[in-house]
> 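Would you mind keeping the following structure in view while I ask a few things?
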Amino acid sequence: DNGVLLTTYHSQTNIAGTMAKFATAILLLAASLSLPSARVSHDGGSAANSCHAFSPPAVAQTAITRITTTRSSNSVLTASSLEQGAASKTATIDGDDDEKEMNSESSSTKSLTQRIMESTSTSGQTGGAGGSSTWDAFQRAEANWSRLKSSEAFEYDSSNGLGLERNGVPPPPRFVTDDGASGDPRSWAKLRSQSESSTPLDYDVVLCGGTLGIFVAMALQLKGHRVAVIEAGKLMGREQEWNISMKELDELVELGVLTREDVEEAVTTEFPGCRAGFKNSEVTPLEGSYFDNGVGYECYTPAVLNLGVSPATLIANVAERFRSLGGIVLEGTPLRGIVVSETFGAALDVGDDKEPITTKLVLDCMGNASPVGRQQRYGRKPDGVCAVVGSCAGGYDAETNLLGDIIYTNTEIQDKGSNGQLQYFWEAFPVGIGRNGNEPGSSDVKTTYMFTYMDASPNRPSLTTLMDDYWEQLPVYQPSIADVENDLDVRRVLFAYFPTYRDSPLKPGWSRVLAVGDASGIQSPLSFGGFGALTRHLERISGAISEALEDDLLHKDDLGEINAYTPNLSAAWMFQKAMSVRMGQSVSPKFVNRLLATNFDVMDGMGGSTMMPFLQDVVRIDGLLGSLARSFVADPAFMPEIVAHVGIPTLVEWLGHVSMIAAYNALHLAATPVIEPFVNKMGDPKERFLWRRRMDAWKFGSGNDYVFEEKQ
């Protein structure tokens, strides 16, 4: 299958036994489960001030991103199965970029979703989440979701070598190989020829997947490396906006990846900020705390995810400047495989009609559907899933289309019978206001998402069920709409599911191959990843990769230090657990809303120094411990119910990660200033590299990479 994906690897790694024991000793801090369990929106965000009570109705957002790997000229397919060794990445599909599929059924027999999809324009669609909205793409996504649910995880014993069936289990797909007896012969031949003749490899680094990879490529090109980007189709961004805050864009400007002119040209929407709200029923405006009004709590955060940027403009400008600096973009170049010589280099098979490409290092920027990741996670079923449905449409009330929703509920947990119980969340962003002369209140266009967290059990609901619920509940969420089919001018219907894994970020399985961005799972398990997650790590990752290239530290053990364990990322797994309900589990319908309303009320009271890092996908020990303690005081009777919901083993593991956050925080604040001057003077490049990566891990793993603005 040609592949592109919509996934978010989720993180949780094993901790030292001593930390787990320590965590057990403090189990009485059950308030830990009152952790700020909010979902961080796709592309992160920052805010200028703390939340405060707020009443305006919701608005809209769209920002799921994804990178293409191999794809045909007219379609992009995301489909992988456990049966074919893609257990780690079963996914959604987007396809048919250029034409709608004709259907002979009469309109009277078609579902609401099918009628709406077949009436939308197919122009301007691309690969990626939200990039395609055809009925055919939705049907294929449904088929793949069904296949994932019905699949069973398995283990494959590769101790006697790959390529053989073990106990009835077929071998994994061999997309990457370091075995000279397998892989593309032409790729091996070119590597041998260049080695024997002492001919330099074609490039220092090749990035596979250009939609977000172009930003990494630009950062490395600025550091003086010979860089190429290969993209299966045309390197271009979709028309639909990515949402982000100015803080993330400023970081790219500081790195030189963007110019201030790029930012001004690319930002097409700007609004003041976003609401967060958790309610058992739709009541807007809502004042007071959960226990005061018996409904829920809502607050407003300025300058978080309040910019809509044009991916098409942004990517085009970066790609043009990348080329002007000597970078190479190879479009229409699908990747078929990678062969690795640990001591010399790697070669990429890009088709029988093209010469293999050789390089010192391959960066996997192919998103969460990467065939590299599928091979590494062979036989695994995801630990969790975030399923998302939505639409970008006109027809909403323009006068109230002024603000966004970053995370919002207006119903209790939904009992779907044999499909289990689900808590539905909403988010939304206005489109086309605040820039280019488009005043607030002038646009009736917004993007709305409904999403939920669950596992991939066989009985979980279909995408069709979720989409039906979305259309049914949208008028309650957006009261200016009474009849979705007649009142809305739907531009795109959006659908995706994101398999999640606890062992992220993904360590390299081979030397000279490193996953970055969504392919590595560096984003929080609560977010959809994408552009915002990349911006927060780009300086760290590009600097570490540059050092590895300069000092020839490209063994998988060295590269693994770049994707090191970060406890705050691993701790975020608990947040998703708290917002989902296991099959057969008994829980109060108000559980999630009570939990989140209490926590956001507490964080709101603690101010912007707590709320803003969390909404920007950063967990810090100061905000976390403070919110835990205050949540326990605010609702002590709720603690036993929380413990029962997530389970003691999960709680103990989570407390271990929290302990490690505290340890990393202490190491960053106390040890790094002392040892950094000595590390920089080390004569051994490998030791220097490893110590710098440790200091990076302490900084990012404790959330100390977050830079507060003075007014915060």
> Is there a donor-acceptor pair closer than 3.5 Å between any side-chain N or O of S520 and the backbone N or O of G517?
yes
> Using modelled atom types and a 3.5 Å cut-off, is there a donor and acceptor pairing between side-chain atoms of H645 and backbone atoms of P640?
no
> Does atom CD of E641 have more than 12 heavy-atom neighbours from other groups under 6.0 Å away?
yes
> How long is the gap from OG on S245 to CG on D250, to the nearest 0.5 Å?
8.0 Å
> Donor-acceptor pair, W654 side chain versus A571 backbone, under 3.5 Å?
yes
> Evaluate whether atom CD of Q585 has more than 12 neighbouring non-hydrogen atoms of other residues, nucleotides or ligands under 6.0 angstrom away.
yes
> Assess whether a salt bridge exists between D705 and R536, defined as any Lys/Arg side-chain N lying under 4.0 Å from an Asp/Glu carboxylate O.
no
> Carefully, step by step, assess D604 and Y297 under the rule side-chain contact (heavy atoms from CB on, under 4.5 Å).
CA-CA 10 Å; D604 187 7; Y297 182 80; 2.2 Å; yes
> Taking the side chain as everything from C-beta on, heavy atoms only, tell me whether E427 gets closer than 4.5 Å to C274.
no
> Taking the six-membered ring of Y706 (Phe, Tyr or Trp), confirm whether the NZ or CZ of K247 is under 6.0 Å from its centre and within 45° of its axis.
yes
> Donor-acceptor pair, S588 side chain versus K590 backbone, under 3.5 Å?
yes
> Looking at P613 and G608, what are the two nearest heavy atoms and their distance?
CD-O, 3.5 Å
> Are the aromatic ring centres of F425 and F451 under 6.0 angstrom apart?
yes
> Return yes if a side-chain donor-acceptor contact under 3.5 Å exists between Y477 and N410, otherwise no.
no
> Hey, does the side chain of N665 reach the backbone of H668 with a donor-acceptor pair shorter than 3.5 angstrom?
no
> Here's a test for you: under side chain to side chain contact (heavy atoms under 4.5 Å, CB included), which of R630, R620, M603 qualifies with T610?
M603
> Would you say the ring centroid of F638 lies under 6.0 angstrom from that of F591?
yes
> Do the side chains of V385 and Y453 get nearer than 4.5 Å, heavy atoms only?
no
> Would you please test Y424 and D469 for side chain to side chain donor-acceptor pair (under 3.5 Å) and show each step?
CA-CA 10 Å; Y424 286 149; D469 287 351; 2.6 Å; yes
> Which atom pair, heavy atoms only, marks the closest approach of V253 to V263?
CG2-CG2, 3.7 Å
> For the residue pair N459 / S457, report whether a side-chain donor-acceptor contact shorter than 3.5 Å exists.
no
> Might you point out which heavy atoms bring S391 and V490 nearest each other, and give the distance in Å?
CB-CG1, 4.3 Å
> Any side-chain heavy atom of V309 sitting closer than 4.5 Å to one from T269?
no
> Which heavy atom in G701 sits nearest to a heavy atom in T566, and how many Å separate them?
CA-CB, 3.8 Å
> Apply side-chain contact (heavy atoms from CB on, under 4.5 Å) to residues F498 and V388 and explain how you reach the verdict.
CA-CA 8 Å; F498 297 80; V388 188; 3.8 Å; yes
> Quick one: does D415's side chain have a donor or acceptor within less than 3.5 Å of a partner on G417's backbone?
yes
> Kindly say whether P461 contributes a backbone atom to a donor-acceptor pair with the side chain of T465 at under 3.5 angstrom?
no
> Run the side chain to side chain donor-acceptor pair (under 3.5 Å) check on S289 and D292 step by step: do they pass?
CA-CA 5 Å; S289 70; D292 293 333; 2.9 Å; yes
> Q473 side chain to W471 main-chain N or O, any donor-acceptor pair under 3.5 Å?
no
> In this structure, which one of R460, R582, K577 forms a salt bridge (Lys or Arg N to Asp or Glu O under 4.0 Å) with D455?
R460
> I'd like to know whether N568 forms a side chain to side chain donor-acceptor pair (under 3.5 Å) with Y664, so could you lay out the CA-CA distance, the side-chain angles of the two residues, the decisive distance to 0.1 Å, and finally the verdict.
CA-CA 10 Å; N568 57 354; Y664 275 37; over 6 Å; no
> Are R275 and Y408 in a cation-pi setup, meaning NZ or CZ lies under 6.0 angstrom from the ring centre and within 45 degrees of the ring axis?
yes
> If we check side chain to side chain contact (heavy atoms under 4.5 Å, CB included) with Q423, which of these qualifies: V581, V587, N593?
N593
> Do any N or O atoms from the side chain of N243 and from the backbone of N306 form a donor-acceptor pair under 3.5 angstrom?
no
> Are I407 and F278 close enough that some pair of their side-chain heavy atoms sits under 4.5 Å apart?
yes
> For a quick test of reading the model, state the closest non-hydrogen atom pair linking A482 to P475 and the distance between them.
O-CG, 4.1 Å
> Can you name the closest pair of heavy atoms from L595 and A578 and give their distance?
CD2-CB, 3.7 Å
> Check whether NZ of the Lys or CZ of the Arg R540 lies under 6.0 Å from the centre of the six-membered ring of F700 and within 45 degrees of that ring's axis.
yes
> Should E298 and K279 count as an ion pair when the cut-off is N to O under 4.0 Å?
yes
> Between Y470 and Y449, is the gap from one ring center to the other below 6.0 Å?
no
> Take T301 and V304, measure what side-chain contact (heavy atoms from CB on, under 4.5 Å) needs, and give me the verdict at the end.
CA-CA 6 Å; T301 304; V304 57; 3.7 Å; yes
> Answer yes if the side chains of N401 and D444 hold a donor-acceptor pair under 3.5 Å, and no otherwise.
no
> Counting distance only, does the side-chain N/O of T268 pair as donor-acceptor with the main-chain N or O of G308 below 3.5 Å?
yes
